[in-house]
*Asks:* 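Just passing along the structure, written as structure tokens.
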Amino acid sequence: HMYCNASFHRPMLLLILSVVVLSLFTGCAGRPIQTSNEHYEVIDTQKIRLGANPNGVYRILPGDEIQIKFLYHPDFNDVLEVMPDGRISLPLVHGIKVAGKTPGEVARELIETYRDELKDPDIVVNVKQSSGSLVYVGGEVRTPQALTIKSPTTLSQAIIRSGGVTTAGGTSSMIIIRPTPGSSSKILLVNLDKIRQGHLPDIYLEPYDVVHVPKSPVAEVGLFVDQY
């Protein structure tokens, strides 16, 4: 008799659990994210103002091919490969370290360096081709895999290359685990829905990032009910 009642009320149970879990999920969304332990710095990317996201830019790697354009001195234009030590050499300037910097940072540094050598040293730096590195995409994507990226690649692009999110995936609570020097890592909490809507900047992936797409709260409830 007990099992008949449980079966009879199964749809109602699913509805109630869904409401409870969704309420908990949305209730936690507004709370500040705290560092979980000494090995992980947890960053809620929704707290970062649009246009000021430090993870929304590409940083140059050794082996990258970069284009340097002098707007008023085209004879100085060049396309260079970043050397293994992270440096490049240009006319009048040698051994400038560019690895780990954004193209904009390199451009500003070059402008300051050339200011005593050239009149109006207006310079633009672009990454033509990345040297290539691995990122790992798993969880609720259609094709979990290790991706080789040879050009600046955003989270959205990596998800598309992995076949997109499954119907059970939670796009409002995605996770990027990012290695940092030493034994620590950063955990980025990402709302892909807001990125798609233009409310948050997309995030450029870095070498050896691990992207995890969790199950949505509703999918987790459905799994629980199936097991019940």
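Values reported hereafter were calculated over all heavy atoms of this structure, with side chains retained and with hydrogens, waters and symmetry mates removed.
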*Asks:* With the side chain counted from C-beta on, respond yes when I203 and R178 share a heavy-atom pair under 4.5 Å apart, and no when they do not.
*Replies:* yes
*Asks:* Is any side-chain heavy atom of V137 closer than 4.5 Å to a side-chain heavy atom of L147?
*Replies:* yes
*Asks:* Who passes salt bridge (charged side-chain N to carboxylate O under 4.0 Å, His left out) against R115, sequence neighbours left out?
*Replies:* E112
*Asks:* Could you grab the distance from atom CZ of R108 to atom OG1 of T113, nearest 0.5 Å is fine?
*Replies:* 13.0 Å
*Asks:* Enumerate, atom names and distances included, each donor-acceptor pair closer than 3.5 Å involving a side-chain atom of residues 62-76, sequence neighbours excluded.
*Replies:*
{"from": "D64", "atom 1": "OD1", "to": "S130", "atom 2": "OG", "distance (Å)": "3.4"}
{"from": "D64", "atom 1": "OD1", "to": "S131", "atom 2": "N", "distance (Å)": "2.7"}
{"from": "D64", "atom 1": "OD1", "to": "S131", "atom 2": "OG", "distance (Å)": "3.4"}
{"from": "D64", "atom 1": "OD2", "to": "Y58", "atom 2": "OH", "distance (Å)": "2.8"}
{"from": "D64", "atom 1": "OD2", "to": "L61", "atom 2": "N", "distance (Å)": "2.8"}
{"from": "H73", "atom 1": "NE2", "to": "K119", "atom 2": "O", "distance (Å)": "2.6"}

*Asks:* Show me the donor-acceptor pairs within less than 3.5 Å that the side chains of residues 84-97 make with the rest of the protein, sequence neighbours left out.
*Replies:*
{"from": "D85", "atom 1": "OD1", "to": "R87", "atom 2": "N", "distance (Å)": "3.1"}
{"from": "R87", "atom 1": "NH1", "to": "G95", "atom 2": "O", "distance (Å)": "2.8"}
{"from": "S89", "atom 1": "OG", "to": "G95", "atom 2": "N", "distance (Å)": "3.3"}

*Asks:* Give the minimum heavy-atom separation between G169 and V165, together with the two atoms involved.
*Replies:* CA-CG1, 3.5 Å
*Asks:* Scan residues 119-174 for pairs that pass ring pair (Phe, Tyr, Trp, His ring centres under 6.0 Å), counting only residues two or more places apart or in two chains.
*Replies:* none
*Asks:* Does the pair E105 and V125 meet the rule for a side-chain contact (heavy atoms from CB on, under 4.5 Å), with working shown?
*Replies:* CA-CA 9 Å; E105 290 170 344; V125 176; over 6 Å; no
*Asks:* What's the separation between atom OH in Y114 and atom CD in E109, rounded to the nearest 0.5 Å?
*Replies:* 11.5 Å
*Asks:* Quick check: closest heavy atoms across P214 and H212, and the distance to 0.1 Å?
*Replies:* CD-O, 3.5 Å
*Asks:* Do P103 and V127 come within less than 4.5 Å of each other through their side chains, counting heavy atoms only?
*Replies:* yes
*Asks:* Any non-hydrogen side-chain atom of T166 less than 4.5 Å from a side-chain atom of V141?
*Replies:* no
*Asks:* Can you tell if the side chain of V135 reaches within under 4.5 Å of the side chain of P207, non-hydrogen atoms only?
*Replies:* no
*Asks:* Any heavy-atom pair between the side chains of V190 and I176 that's under 4.5 Å?
*Replies:* yes
*Asks:* Once rounded to the nearest 0.5 Å, what's the spacing between atom CD1 of I123 and atom CG of N77?
*Replies:* 9.5 Å
*Asks:* Can you tell me if D193 and T171 form a side-chain donor-acceptor pair at under 3.5 Å?
*Replies:* yes
*Asks:* What distance do S172 atom OG and L189 atom CG have between them, rounded to the nearest 0.5 Å?
*Replies:* 11.0 Å
*Asks:* According to salt bridge (Lys or Arg N to Asp or Glu O under 4.0 Å), does anything in residues 128-144 pair up with another residue at least two apart or in another chain? List the pairs.
*Replies:* E140-K215
*Asks:* For the residue pair D209 and L205, what are the closest heavy atoms and their distance?
*Replies:* OD2-CA, 3.5 Å
*Asks:* OG1 of T153 to CD1 of I160: how many Å apart, nearest 0.5 Å?
*Replies:* 11.0 Å
*Asks:* Does the side chain of I159 reach to within under 4.5 Å of the side chain of V213, using non-hydrogen atoms?
*Replies:* yes
*Asks:* Holding to side chain to side chain contact (heavy atoms under 4.5 Å, CB included), I want the full list of residues that pass it with E81, two or more places apart in sequence or in another chain.
*Replies:* none
*Asks:* Just checking, is any N or O donor in the side chain of S156 or D202 under 3.5 Å from an acceptor N or O on the other one?
*Replies:* yes
*Asks:* Using side-chain heavy atoms (C-beta onward) and a distance below 4.5 Å, is I60 in contact with V106?
*Replies:* yes
